[in-house]
Amino acid sequence: MTTDRADLARLEGWAKVTGTARYAGDHHPDDLAHAWPVPATIARGDLAAVRTEAALAVPGVLAVLTHHDAPALALPDDGDPTLAVLQSPRIAHRGQIVALVVAETPEDARAGAAAVECVYRPEPFDVVLTDDHQGLYTPAQANGGHPAVRERGDFDTAHGQAAVRIDRTYRIGPLHNHPMEPHTATAQWDGERLTVHDSSQGTNQVRTTLATLFGLAVADVLVISEHVGGGFGSKGTTRPHAVLATMAARRVDRPVRLALPRDQLPALTGYRAPTVHRVRLGADDDGRITALAHEVTTRSSTVREFVEQAAVPARVMYHSPNSRTVHRVVRQDVPTPSWMRAPGEAPGMFALECAMDELAETCGLDPVELRIRNEPAVEPDSDRPFSSRHLVECLREGARRFDWSRRHAAGPRREGRRLLGSGVAAATYPVLIAPSTAEVLARPDGTFLVRVNATDIGTGARTVLAAVAAETLAVPPDRVDVEIGRSDLPPAPLAGGSAGTASWGWAVHDACTGLRRALTDRGGTPLPSEGLRHRADTTDAVAAGSTFARHAFGAQFAEVEVDADTGEVRLRRLLGVFAAGRILNTRTARSQFTGAMIMGASMALLEHSTLDPGFGDHAERDLASYHVAVNADVPVVEAFWLDEHDEHLNPMGAKGIGELGIVGTAAAVVNAVRHACGVRVRELPIRPEALLPRLPRLPHLPG
Ligand code: MOS
């Protein structure tokens with residue numbers, strides 16, 4: 001194992017590969033009981049009656065909670081209404097929880113759940129998203145506090161007068177997070193004190209939410225997420241399973257575990273909302289954009305407004321004197337969407353970067369060159385200078401490494417019955433940061449303990465924080481221990497928005513800087529037995545903000561083969577070059593980039609979810625029907641990065657990297673398919689049955 005700070009191996013790697021790392025469902029308190037939820041089977045209406053006698057007669061069943069007898073939750077006005085579980089007989093979507101069975105074993109609980117009888121008063125429901133739906137409205141804001149609508153200049157006139165015009169509509173269906181570890185909580189009461197092992201991206205927020213809902217003092221709630229098997233945003237907020245496990249533990253007066261069955265995740269834990277994108281570009285004959293419009297239509301549930309901010313990247317990417325970016329949403333009788341990796345940017349950049357490829361083709365320009373020609377001097381929407389922006393360098397470096405110039409020299413290629421092509425797209429993701437505290441202890445034996453309520457959802461957070469501390473303290477990393485993932489540690493924000501490392505790392509850096517100074521001041525005086533502690537809080541520093549527009553950028557290149565006889569698209573190669581400030585750990589960063597690129601390839605070629613109009617629910621609810629990329633789908637995936645120095649970020653000079661890699665990947669694949677076979681796909685995923693009828697007929701070639 002290397003001890004080089006920039007290449008530090010995962011501190012918990014050994015525990016994970018030997019199976020000793022404990023996730024939320026791996027805690028086995030004495031007397032543990034198990035819960036299983038009963039989902040509604042109608043999309044809208046009322047629960048007229050719920051009969052529990054048969055369920056209670058199932059051997060091992062301890063209790064059945066329904067809206068008649070579940071604890072009343074103190075949901076605040078600004079609270080998340082998807083957490084108001086078992087509070088009313090009203091059904092807002094299929095899959096909503098109508099009862100919870102608690103039993104001695106998961107099998108008993110499942111058998112009990114199957115025996116609960118529900119009588120519904122169903123009502124007509126509305127689940128089909130169309131771009132002319134009567135219920136569409138312009139929300140006050142899109143997610144992230146972004147204005148729903150931005151106008152600059154006079155788009156209509158400029159587009160009308162442009163020499164070259166693109167007007168296209170792109171579609172992406174719902175996408176599901178499906179972390180390897182399903183959402184799980186083990187809840188245990190001790191009088192009025194509550195301990196929950198939860199699979200969460202941030203336990204401070206879960207602690208506060210549970211305290212509020214159950215009327216507890218925050219100090220009496222402890223939430224632990226020591227290891228988390230992926231989240232991708234779906235564990236970024238408190239989810240219903242944690243509330244249900246807590247209720248159930250109260251009812252049976254025993255510890256209770258609830259591991260959501262995978263087929264219930266799509267209805268209960270959020271998903272990426274479907275989006276329809278109308279993108280219009282106007283340009284002069286040289287490909288210089290004069291008018292740019294990105295109008296997004298999306299949907300949310302009747303329970304909560306959630307507006308995927310997919311037109312936001314169009315405010316950042318390209319110079320255009322005239323621009324219109326719009327979000328519209330309709331509230332339907334569907335499960336409530338939520339965060340999924342690169343919310344906004346992942347779907348938005350699919351549409352924009354496909355449209356850029358169409359513009360390049362119309363102008364007869366190389367798509368790399370088109371993007372370079374439209375590079376803005378400042379952030380288009382705000383006129384603010386960029387703290388750093390190396391998109392052009394990413395494109396050039398990527399083109400060099402990918403051997404992009406050969407694409408033009410040779411044109412599309414053919415290998416037998418397979419058509420080969422390559423495509424490019426840009427990536428961007430904002431630099432987000434949240435206030436954090438952290439504490440570091442110098443022990444008399446020369447080792448250090450960093451304490452911060454960061455969460456490692458598989459990213460390598462623990463490892464990177466050890467490296468930040470080691471570097472700041474100027475000691476070898478093996479002298480630094482890190483404690484994370486508990487709500488009784490110094491408060492810190494969630495692992496989300498690609499902001500974790502920057503937010504926590506800043507506080508760790510400041511704590512270590514303070515400690516190092518204190519140690520220097522002591523000269524060689526031996527430390528007291530309890531050691532020497534230093535604590536930092538970045539609230540003021542983060543609040544000071546920045547006058548710069550801060551974003552990470554990247555360039556994605558894809559090579560595909562299209563089977564001329566079946567329409568199947570196989571990926572041959574993905575290559576990304578990213579500019580994301582300083583890369584703090586090469587191993588974990590490469591894993592984040594390539595992992596996200598694979599997720600983007602999966603979005604392009606495999607992930608497909610149907611909202612069944614007959615039942616009003618997502619049809620593909622398990623990994624047998626909702627396909628995600630496996631190793632055989634991604635033969636070569638390479639991630640590189642530039643050495644980017646940015647003084648306007650944080651003491652480490654780091655931008656976030658968790659989400660950037662998924663952005664643009666799907667567009668690069670779609671653009672490669674167009675290059676390979678001439679078919680322009682405008683809806684994800686690229687499906688053989690959609691491609692096949694449009695493929696050129698190949699004469700039979702020998703061999
Ligand atoms: Mo990420 S979707 O911000 O957890």
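As the structure lists them, so they are numbered: ligands from 1, and atoms in each ligand from 1. For clarity, every value in this text was computed on a predicted model and none was experimentally measured.
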Basic-acidic side-chain contact under 4.0 Å: Asp381, Arg150: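 Salt bridge: yes.
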
Pair Arg171 + Asp131: basic N to acidic O under 4.0 Å: yes

Heteroatom distance test (Gly233, ligand 1): nitrogen or oxygen, under 3.5 angstrom: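 So ligand 1 has an N or O lying under 3.5 Å from an N or O of Gly233.
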
Backbone or side-chain N or O of Ser498 under 3.5 Å from ligand 1 N or O: no

Just which atoms of ligand 1 are under 4.0 Å from any heavy atom in [X]?
X	answer
Arg341	2 (S)
Gly497	1 (Mo), 3 (O)
Met340	2 (S)
Gly496	3 (O), 4 (O)
Trp339	2 (S)

Which residue and heavy atom of the protein sit nearest atom 1 (Mo) of ligand 1, plus the separation: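 Nearest protein contact, heavy atoms only, for atom 1 (Mo) of ligand 1 is Glu659 OE1, 3.3 Å.
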
Identity and separation of the nearest protein heavy atom to atom 4 (O) of ligand 1: Gln201 NE2, 2.8 Å

Phe386 and His551 aromatic ring geometry - parallel, tilted or perpendicular at 30°/60° bounds: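 Ring orientation, 0 to 90° scale: perpendicular.
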
Scan the side chains in residues 459-467 for donor-acceptor partners under 3.5 Å anywhere in the protein, sequence neighbours excluded, and list what turns up.
from	atom 1	to	atom 2	distance (Å)
Thr459	OG1	Ala461	N	3.4
Arg462	NH2	Glu226	O	2.8
Thr463	OG1	Leu11	N	3.1

Tyr271 and His618 aromatic centres sub-6.0 Å: yes

For Pro435, all residues meeting side-chain contact (heavy atoms from CB on, under 4.5 Å), sequence neighbours excluded: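 Pro435 satisfies side-chain contact (heavy atoms from CB on, under 4.5 Å) with Thr538, Thr539, Val542 once adjacent residues are dropped.
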
Ligand 1 contacted by Gly231 (non-hydrogen, < 4.0 Å): no

Check: Thr588/Arg590 side-chain N/O donor and acceptor closer than 3.5 Å: no

